[in-house]
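Proteins get letters first, then strands, A, B, ... in listed order; numbering begins at 1 in each. Just so you know, these numbers use all the heavy atoms, side chains as well, and skip hydrogens, waters and symmetry mates.
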Protein chains: 2
Amino acid sequence: MNDTISLLQSHRSIRKFKDKPLGKSMVEQIISAGQAASSSSNMQAFSVVAITDTERKGILSELAGNQAYIRECPVFLVWCADLHRLKSAAERHRPGQESYEDVTENFIIATVDTALAAQNAAVAAESLGLGIVYIGGIRNRIAEVAELLQLPDLVYPVFGMCLGYPDQEPGLRPRLPVPAVLHWDEYDADKTEEQVEFYDKTTSEYLRERTGGQKDTPWSELMAEKLTQPSRLHMREFLRSRGFELK
Amino acid sequence: MNDTISLLQSHRSIRKFKDKPLGKSMVEQIISAGQAASSSSNMQAFSVVAITDTERKGILSELAGNQAYIRECPVFLVWCADLHRLKSAAERHRPGQESYEDVTENFIIATVDTALAAQNAAVAAESLGLGIVYIGGIRNRIAEVAELLQLPDLVYPVFGMCLGYPDQEPGLRPRLPVPAVLHWDEYDADKTEEQVEFYDKTTSEYLRERTGGQKDTPWSELMAEKLTQPSRLHMREFLRSRGFELK
């Protein structure tokens with residue numbers, strides 16, 4: 001295992017940060033590394049809003065379900081899928097011509113571009129000794145987040161990311177076994193059950209150890225809870241209100 | 001700049017590969033590094049189909065717009081957003097209970113999970129001296145790809161990825177300047193125009209040099225072309241047919 005793979009394999013989400021600021025140039029270096037990721041047809045359909053202001057982080061923390069680490073981290077990044085920049089470009093060269101920023105395909109492109117850049121940035125941050133955690137919670141009250149950050153139409157916050165010096169050392173969380181996610185030549189649905197059963201044992205044991213015997217819910221049961229919860233049902237309407245028709 | 005950031009910054013897409021096979025264990029190592037990326041609530045909502053069979057790669061190459069490198073690379077990975085595994089888990093624990101795999105929120109989660117894992121895998125592959133290129137073209141005839149790979153409902157191919165030993169050394173493609181994508185405290189739409197103009201000059205010059213003066217279309221014009229093309233308008237209907245209602 002080389003150093004880079006060893007870095008990737010040692011990732012854990014950090015939710016407690018030292019009270020130590022991050023220089024702007026370090027943030028810029030991290031974003032620049034993010035930009036180096038692949039981008040569909042070089043569309044680079046994403047933007048990042050970096051928040052350092054304590055009050056603003058406090059509001060975002062509240063909007064995201066009172067996660068204290070959003071307020072406590074020195075820099076909170078909001079990763080946005082951005083078709084606004086492309087739409088401006090299109091209007092400049094082809095004013096009045098029909099364009100397709102509102103179709104599902106371009107929504108996928110922008111969302112994927114954002115995620116690839118964010119993950120590169122996460123790796124860069126960790127290589128610098130920083131810790132990160134992705135925050136899906138900013139989609140809880142996404143309209144208010146978009147308002148607060150003054151996002152124009154065709155820009156939506158995909159997720160947040162806390163950035164800072166780690167003040168904790170959590171254990172590694174076990175993942176599904178490789179054969180559960182990797183198929184050869186075609187998808188083999190038959191093996192799913194067996195793989196999930198195996199992973200359920202692993203995760204139960206992990207939870208039991210981590211909680212001193214208090215919890216041992218297997219992964220598949222947690223997933224069942226998750227999937228039977230009506231999660232963020234406002235997303236479709238919010239996206240539509242921002243110009244993503246998903247046609 | 002540390003070694004990892006230097007690796008990230010030296011990324012370029014590779015479209016010509018040596019005729020040298022890749023061991024299965026190397027592919028597994030790369031996928032395992034992908035799995036180490038963050039995942040929303042540990043849902044791990046993705047799967048990968050790895051294709052080594054020459055005939056099958058040939059068919060995929062054709063389906064993706066006759067990109068020769070899909071046939072020529074030793075391993076072609078199809079990265080799929082996968083809610084099928086979670087739905088199976090839910091049905092096991094909560095049979096008959098309403099679940100929400102068909103809402104937009106879970107579509108975003110699965111798409112982002114897939115992209116984060118893929119980007120980690122891309123970084124791992126490059127750290128091992130391999131080259132990669134993302135293939136959005138597999139969405140051209142996505143229904144046929146899904147059929148070929150025997151994907152069950154609630155699994156969709158987000159993108160492909162060629163993997164192999166590079167047999168070319170393309171130059172680095174310049175990206176938007178950092179201030180074009182990075183905003184502080186709130187989104188500053190006013191700066192977009194100026195930043196894009198600056199980048200247009202950079203990209204024109206880059207193209208002119210790269211093509212010996214044959215081409216110099218600025219980025220914003222390429223983007224205008226892109227956005228006014230009716231791109232993959234079948235995506236919405238395809239997703240619906242596979243259980244992603246995007247409600």
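Looking only at distances, no side-chain donor or acceptor of His11(B) sits under 3.5 Å from a matching main-chain atom of Ala37(A). Judged by distance alone, with hydrogens and angles left aside, the side-chain atoms of Asp3(A) form no donor-acceptor pair with the main-chain N or O of Ser6(A) at under 3.5 Å. Judged by distance alone, with hydrogens and angles left aside, the side-chain atoms of Asp113(A) form no donor-acceptor pair with the main-chain N or O of Ala81(A) at under 3.5 Å.
Only the backbone of Pro177(B) comes within less than 4.5 Å of a heavy atom of chain A; no side-chain atom from C-beta onward does. Neither the backbone nor the side chain of His234(B) comes within contact range of chain A; no heavy atom of the residue lies under 4.5 Å from a heavy atom of that chain. For Leu7(B), the part sitting under 4.5 Å from any heavy atom of chain A is the side chain, from C-beta outward, and nothing else.
When the options Arg240(B), Arg242(B), Lys247(B) are evaluated for a salt bridge (Lys or Arg N to Asp or Glu O under 4.0 Å) with Asp102(B), the one that passes is Lys247(B). Partner Val78(B) forms a side chain to side chain contact (heavy atoms under 4.5 Å, CB included) with one of Val48(B), Ile51(B), Leu148(B) and no other, that one being Ile51(B).
Comparing Leu239(B), Leu128(B), Val158(B) by heavy-atom pairs within less than 4.5 Å of chain A, the highest count is held by Leu128(B). Heavy-atom pairs under 4.5 Å with chain A were tallied for Glu98(B), Met235(B), Met223(B); the largest tally goes to Met223(B). For the set Arg232(B), Gln44(B), Arg56(B), the entry with the most heavy-atom pairs within less than 4.5 Å of chain A is Gln44(B). For the options Thr111(A), Leu233(A), Asn106(A), heavy-atom pairs under 4.5 Å to chain B are most numerous at Leu233(A). The residue among Thr203(B), Leu86(B), Val196(B) with the most heavy atom pairs within less than 4.5 Å of chain A is Leu86(B). The candidate with the highest count of non-hydrogen atom pairs below 4.5 Å against chain B, out of Asp82(A), Thr114(A), Asn120(A), is Asn120(A). Interface check for chain A: of the options Arg94(B), Met43(B), Gln150(B), Glu126(B), the most heavy-atom pairs under 4.5 Å are formed by Arg94(B). Per-residue counts of heavy-atom pairs under 4.5 Å with chain A were compared for Arg175(B), Lys24(B), His183(B); the largest is that of Arg175(B).
Between the side chains of Ser220(B) and Arg92(A), not a single donor N or O lies within less than 3.5 Å of an accepting N or O.
Ionic pairing of Glu91(A) and Lys87(A) is present here: one or more N-O contacts between side-chain nitrogen and carboxylate oxygen are shorter than 4.0 angstrom.
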